[in-house]
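One structure is given below, encoded as structure tokens.
Keep in mind the model is a prediction, meaning the values are calculated, not measured. Each chain gets a letter, A, B and so on, in the order the sequences are listed, and its residues count up from 1.
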Number of protein chains: 4
Amino acid sequence: MTTTKKAAPPSERRAHLIRLAADLFAEKGFRATTVREIADAAGILSGSLYHHFDSKESIGDEILREFLDDVLGGYRAAAAGEDDPRVVIERIVRSSTAALSRHRAALTMLQNDWAYFSAQKRFAYLRTAMKEIEQTWVDQLERGKQLGQFRADLDARLIYRLLRDILWIPTSWKQARGKGWSTDEIVDGLLRLLFDGITAPGQ
Amino acid sequence: MTTTKKAAPPSERRAHLIRLAADLFAEKGFRATTVREIADAAGILSGSLYHHFDSKESIGDEILREFLDDVLGGYRAAAAGEDDPRVVIERIVRSSTAALSRHRAALTMLQNDWAYFSAQKRFAYLRTAMKEIEQTWVDQLERGKQLGQFRADLDARLIYRLLRDILWIPTSWKQARGKGWSTDEIVDGLLRLLFDGITAPGQ
Amino acid sequence: MTTTKKAAPPSERRAHLIRLAADLFAEKGFRATTVREIADAAGILSGSLYHHFDSKESIGDEILREFLDDVLGGYRAAAAGEDDPRVVIERIVRSSTAALSRHRAALTMLQNDWAYFSAQKRFAYLRTAMKEIEQTWVDQLERGKQLGQFRADLDARLIYRLLRDILWIPTSWKQARGKGWSTDEIVDGLLRLLFDGITAPGQ
Amino acid sequence: MTTTKKAAPPSERRAHLIRLAADLFAEKGFRATTVREIADAAGILSGSLYHHFDSKESIGDEILREFLDDVLGGYRAAAAGEDDPRVVIERIVRSSTAALSRHRAALTMLQNDWAYFSAQKRFAYLRTAMKEIEQTWVDQLERGKQLGQFRADLDARLIYRLLRDILWIPTSWKQARGKGWSTDEIVDGLLRLLFDGITAPGQ
DNA sequence: AATGAATGAGTTTTCATTCAT
DNA sequence: CATGAATGAAAACTCATTCAT
């Protein structure tokens, strides 16, 4: 999950190309985006991309690593030095929503081409990161049960599974704009649903 | 949404090939699956598939149509002749979970290659179907609010967006078996989360 | 060193294409020959080759395996059931010269691109085969020394090193025709040089 | 065979770069070595090489010319003012072995990429040099026959062909060190093989 | 002297599809 | 129904070389 790679000297141009590629990946998925399209977007020939990267996959790699570093950072910070599971969960939701909006492309890549990436050893860190994310959720849900904050019959692992993907979703809405929701509205709606469900208080 | 197509004379062999293709699509996505892989699975050569189908897309088409027919049937039946939105929603959740487990491949295809399909006129029915599904959810949530069953501040469209993808999720768990959840457990957990959230009653 | 590979069903066409490729490899070396050239020679498009082979390397693999099977077969037969090292060596020289003339392309490939092939695990059998060949030579030379047939001060490993490459040479002369030597003349000249040197008897 | 070329102003840096390139050529062959690899070895960017050389081929040219100048010099010196063919041949063997060890890269280049170089007019001097080398051998072998030193039935041209490549071989052993042979041991073994063969005196 | 960026022509490979047999 | 062979268009990637700075 380290960010520095010896074969990848950072540069302005390079960073710009990654951003262009990320936008395309977000739009059409990683596999469906061709290097020619990336090059076209940059106004250069496809072969010229290989002056900066040694493969299309290494561009994807860089995008995904940065994303997971960011997300995991948020999870760790959320869990550090805080005892109330409810607060930790709220922090996780808010921080990862923010991280996701910063790395929209990475999310789309994972959603569309998870099978492709996770099958390669090069991307083994994806599975590792997912495990840490799951563990964090399960830990907090379990602690909440023990403290009596959450329903005692709640299956932490099951709830996590149900939740994880909801967390990813709001970000992809950026594309479908004009719907009129701010990120805050979405996150608040999500937290409300998570904690209280849709049933009216009295019922 | 019509089922009969002139280029598709139904037959045992044909149905079998579709099932084989569907399994592969479920595993790796529609685009990532090659006709050669489908043919290999059937023990024939790739060219021979074209005796049964006129294109790879027409295989996908058939799988997606059957799926949406099934799902929409469930939605319509759930809403027909029932007034209590809570009951309708529970029926929707149960029926679509069942439909999804019957059409696992279709779901993966939509999740992975939505952009690809929805951009083609041939697959226009996908958008139509999605709109009907959304409308059904929004209708029921709105009626629930008016009846005082659901929270008055609930944004029906937002909640639908949050929910839709959760509904798809449990299906993809078939692969990761051994986790020890039955479909019923998952649906119950999902309905409980939807109606009541994770907070303990007293809190 | 097995000849049968499940992913390579033998066929007339396939064998013909291998022969065409082998001729080109012999002429210009493996790396320097493009798949397009092979396809051109066959009168098809380069992509069509991939109907028969999954990579250029697998064509090379097939050519090299057949060659080494043939050569090693000769070495084993030469050493089997024969005690006189001088006879064994003569047999080895004759059989491998014959094998080489049957697999001229393989030889050129090894001479030109040995570094390329031997660095890949796929071609690990090349090193294994070379070791067996060396061991056979060293064994016979040592036995000849013990029997008093060969000079006692002869360094078997050194002589082998000096000899190995001479063995390969005569084959490549096929190209440079018109020189007027038959294979037999070459082999006889070689054996005479090996056993007796160039010095006149009396000197 | 002229050494001076207008596009080649000699300099320290330049000579160093040629040495680096030569090492890589020796390891992997001329064509298999990329300019980028040469530049990497020098710690500069590939484009910067073109400040010193106008093409990759001109690097190869320089390496090959120096080599052939050195080798031919040895051949001429060996034949000059000496009547005994046996002595001349011994001198040739010793001098060319020494030359080869000074120009290891050139040898690998010729062995691996002979077809490539010899097809270009720029490298016409390669064929010229080879002809002179062959003629020298044939002359000495023929004279030896007339003097009764060498076997009368010996085919000078054939023997030369058989011998030439043996001469190159020992050089490539530099890489596989630790085998425990000094250059002298190799040359002596070679001369002994050449003059007397491997057969024990009495046999 | 060297960088940093790019070219352009070529390479191997992929894959849905066609079609005579 | 299926084979066996091929197409054709596009994909990812390679690499010697150029050039403004």
Side-chain angles (χ1 to χ4, degrees), chain A residues 9 11-14 16-17 31-39 42-60, chain B residues 9 11-14 17 30-39 42-60, chain C residues 9 11-14 16-17 31-39 42-60, chain D residues 9 11-14 17 30-39 42-60:
Chain A
S11 87
E12 287 268 340
R13 185 69 178 137
R14 197 186 151 80
H16 180 229
L17 292 172
R31 304 268 293 273
T33 302
T34 70
V35 283
R36 182 126 49 182
E37 284 164 342
I38 301 172
I44 60 178
L45 292 177
S46 68
S48 304
L49 277 179
Y50 290 81
H51 180 71
H52 304 276
F53 311 96
D54 46 83
S55 72
K56 181 183 166 188
E57 253 158 42
S58 78
I59 305 181
Chain B
S11 85
E12 285 269 341
R13 185 87 179 115
R14 197 185 149 78
L17 291 174
F30 177 78
R31 293 181 70 183
T33 303
T34 71
V35 261
R36 207 175 200 168
E37 284 165 343
I38 301 171
I44 59 178
L45 291 179
S46 65
S48 306
L49 276 179
Y50 290 79
H51 187 73
H52 304 277
F53 310 96
D54 47 86
S55 75
K56 181 186 169 187
E57 255 158 42
S58 78
I59 304 181
Chain C
S11 88
E12 287 267 342
R13 185 71 177 135
R14 195 187 152 80
H16 180 230
L17 292 172
R31 303 268 292 275
T33 302
T34 71
V35 284
R36 183 125 51 179
E37 285 164 343
I38 302 171
I44 60 177
L45 292 178
S46 68
S48 305
L49 278 178
Y50 290 79
H51 181 70
H52 304 276
F53 311 96
D54 47 84
S55 72
K56 181 184 167 187
E57 252 158 44
S58 77
I59 304 180
Chain D
S11 86
E12 285 268 340
R13 185 86 179 116
R14 197 186 149 79
L17 291 173
F30 178 77
R31 293 182 72 182
T33 302
T34 70
V35 258
R36 209 176 199 169
E37 285 165 342
I38 301 171
I44 59 177
L45 291 179
S46 65
S48 307
L49 277 179
Y50 289 79
H51 186 74
H52 304 275
F53 310 96
D54 48 85
S55 74
K56 182 185 168 187
E57 254 157 42
S58 78
I59 304 180

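Note that the OG atom of D:Ser58 and the CG atom of D:Leu49 stand 10.0 Å from one another [nearest 0.5 Å].
You'll find the side chain of D:Ile38 stays beyond 4.5 Å of the side chain of D:Leu17, heavy atoms only. Within the 4.5 Å cutoff, side-chain heavy atoms of A:Ile44 are placed close to those of A:Arg13.
In this entry the distance linking NE2 of C:His16 with C1' of F:dA6 reads 15 Å, nearest Å. Per the geometry, NZ belonging to B:Lys56 stands 15 Å off P belonging to E:dT18, to the nearest Å. Distance, D:Tyr50 OH to F:dT17 C1': 5 Å, rounded to whole Å. Across the protein-nucleic acid pair, C:Ile38 atom CD1 and E:dT11 atom P stand 12 Å apart, rounded to whole Å. Remark: C1' of F:dC13 and CG of A:Asp54 are 11 Å apart, rounded to the nearest angstrom. Here E:dA6 presents its C1' atom at 16 Å from CZ of A:Arg14, a figure rounded to the nearest Å. With rounding to whole Å, A:Ile59 atom CD1 is found 12 Å from F:dC13 atom C1'. Spacing between atom CD of C:Glu37 and atom C1' of E:dT11 amounts to 11 Å, rounded to whole angstrom units.
B:Tyr50 does not carry B:Lys56 over the face of its six-membered ring by the limits of under 6.0 Å from the centre and within 45° of the normal.
Within the 4.0 Å cut-off from OP1 or OP2 of F:dA11, not a single side-chain nitrogen or oxygen of A:Arg31 is found. Regarding contacts with the backbone of E:dA6, a side-chain N or O of A:His52 is found under 4.0 angstrom from either OP1 or OP2.
Counting any heavy atom pair closer than 4.0 Å across all strands shown, D:Ser55 reaches sugar-phosphate atoms only and no base atom. Counting non-hydrogen atoms under 4.0 angstrom, B:Ser48 reaches a base of the nucleic acid.
When atom types are taken as modelled, the side chain of A:Arg14 and the backbone of A:His52 share a donor-acceptor pair closer than 3.5 angstrom.
Each of F:dC15, E:dA2, E:dT17 was ranked by its minimum atom distance to the side chain of D:Thr34; first place goes to F:dC15.
Nearer to the 5' terminus of DNA chain E, by closest-nucleotide assignment, is the contact made by A:Glu12 (compared with the other of A:Glu12 and C:His51). Nearest-nucleotide assignment on DNA chain E puts the 5′-proximal partner with C:Ser46, out of C:Ser46 and B:Glu57. Map C:Leu45 and A:Arg36 each onto its nearest nucleotide of DNA chain F; the residue landing nearer the 5' end is C:Leu45.
Nucleotides E:dA1 and F:dT21, compared at atom P, are 22 Å apart to the nearest Å.
Remark: E:dA20 base-pairs with F:dT3. Criterion, Watson-Crick or G-U wobble with two distances under 3.5 Å. Under the Watson-Crick or G-U wobble criterion, with both distances below 3.5 Å, E:dA1 is left unpaired in every strand shown.
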